[in-house]
Amino acid sequence: MARVLRVARSSSSLFSFGSRSYSAEASHVSSPSPFLGARRDVTKERNVQWVFLGCPGVGKGTYASRLSSLLGVPHIATGDLVRDALASSGPLSQQLSEIVNQGKLVSDEIIVNLLSNRLEAGEAKGESGFILDGFPRTMGQAEILGDVTDIDLVVNLKLPEEVLVDKCLGRRTCNQCGKGFNIAHINLKGENGKPAISMDPLLPPPQCMSKLVTRADDTEEVVKARLRIYNETSQPLEEYYRSKGKLMEFDLPGGIPESWPRLLEALRLDDYEEKQSAAA
Ligand code: AMP
């Protein structure tokens, strides 16, 4: 772990780890928004350092990736780092496959190492800021992250549990272009004061159709295990970040067409997207 911390600290010039020139708390106090003055982060001082929390299948990857394109920061999904390590022929691969295929969490040490390596590689390419997806997932990981940097904002995406299983089972990736799709039709009736949720499938273009693959851990049994582990191990992170005033709760109102504009609005980035397209 010491090595990991050293690695992360050595990234300070790029990621402003522990930067004293920027204080997320200061911008929080002066901002009328509870969400840490997202727009101020984007336009000056340094690039954003955001975290996406949420159950498996909620759509962290989709929205983190869209925001990363919009804000010009890397989207770093630790699940992708794990899958890359699994696909390599190194000694880690065998060790990881048993853990991941049972829906369990990889050790903090391994995951922090994978993330540190990714941050170092990004630093070498001149990357700045990040949107983390799937990290932290344990209190230990949150503490390590908190030791090396000030996270500006934690977005907690939420959907009812019934929807999450169907969304995970409908997930597909094109093994050529790498894009993600979803073949699930979600139609949850509103009851007991909860709103109805409907989501159209996100279907692939014809050229991807024959190249779709399903993640090995997106089976019903493993998805249910991952949801259980999320509730036990990762949910306490919500309270941790809430108590620091960094948590933005976001109940997804539906699929991407309904949710994306509402998320931008909640992040006070709605006119930022228009300005970016006008400038392009
Ligand atoms: P995901 O794509 O985020 O669902 O991650 C896929 C799998 O990678 C998880 O089920 C875990 O086995 C592993 N993994 C990803 N991120 C973490 C993390 N932060 N801590 C521990 N295990 C992780």
Side-chain angles (χ1 to χ4, degrees), residues 1 4-5 8 49-65 68 74-88 90 92-119 130-149 151 154-159 161 163-173 175 178-182 184 213-238 240-241:
M1 237 10 101
V4 165
L5 287 177
Q49 296 185 169
W50 289 357
V51 162
F52 267 66
L53 288 185
C55 288
V58 77
K60 298 185 293 294
T62 303
Y63 296 101
S65 142
S68 97
H75 162 215
I76 303 179
T78 45
D80 288 344
L81 303 181
V82 168
R83 281 181 287 280
D84 289 348
L86 267 172
S88 72
L92 200 54
S93 175
Q94 178 65 29
Q95 199 186 337
L96 289 179
S97 88
E98 266 181 46
I99 301 171
V100 175
N101 290 336
Q102 292 175 52
K104 293 182 180 161
L105 292 183
V106 170
S107 73
D108 287 353
E109 183 155 10
I110 291 177
I111 207 80
V112 174
N113 251 313
L114 289 173
L115 180 58
S116 297
N117 292 341
R118 169 63 186 82
L119 290 172
F130 48 74
I131 299 182
L132 292 181
D133 154 7
F135 186 95
R137 250 172 157 113
T138 65
M139 284 304 297
Q141 292 174 17
E143 278 158 15
I144 290 167
L145 189 62
D147 276 348
V148 293
T149 192
I151 291 298
V154 178
V155 180
N156 186 27
L157 296 183
K158 298 200 303 201
L159 273 175
E161 192 148 330
V163 173
L164 295 170
V165 176
D166 288 346
K167 278 197 70 209
C168 283
L169 298 183
R171 212 152 40 177
R172 299 288 182 276
T173 307
N175 67 8
K179 285 205 181 117
F181 305 99
N182 205 302
V213 290
T214 306
R215 270 172 54 168
D217 57 347
D218 274 345
T219 62
E220 186 161 355
E221 192 192 345
V222 179
V223 168
K224 286 186 173 160
R226 284 158 57 209
L227 285 170
R228 200 173 51 247
I229 290 171
Y230 182 88
N231 290 332
E232 287 164 12
T233 317
S234 306
Q235 220 166 29
L237 295 173
E238 296 174 12
Y240 174 78
Y241 286 117

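Counting starts at 1 for both ligands and their atoms, in listed order.
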For this session: Enumerate the protein residues lying less than 4.0 Å from ligand 1, judged by heavy-atom distances, in chain and residue-number order.
Result: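 Around ligand 1, where the cutoff is 4.0 Å for heavy atoms, the contacting residues are Thr78, Gly79, Val82, Arg83, Val100, Lys104, Leu105, Val106, Ile111, Gly134, Phe135, Arg137, Gln141, Arg215, Asp217, Arg226.
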4.5 Å side-chain heavy-atom contact, [X] and [Y]:
X: Ile229; Y: Lys104; value: yes
X: Asn231; Y: Glu161; value: yes
X: Asp218; Y: Arg226; value: yes
X: Ile110; Y: Leu96; value: yes

For this session: Decide if atom NZ of Lys179 counts as having more than 12 heavy atoms of other residues, nucleotides or ligands within a radius under 6.0 Å.
Result: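 Counting neighbours around NZ of Lys179, 12 or fewer heavy atoms of other residues, nucleotides or ligands fall under 6.0 Å, so no.
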Problem set entry | Test item: Lys60 side-chain N/O and Gly54 main-chain N/O as donor-acceptor pair under 3.5 Å | yes
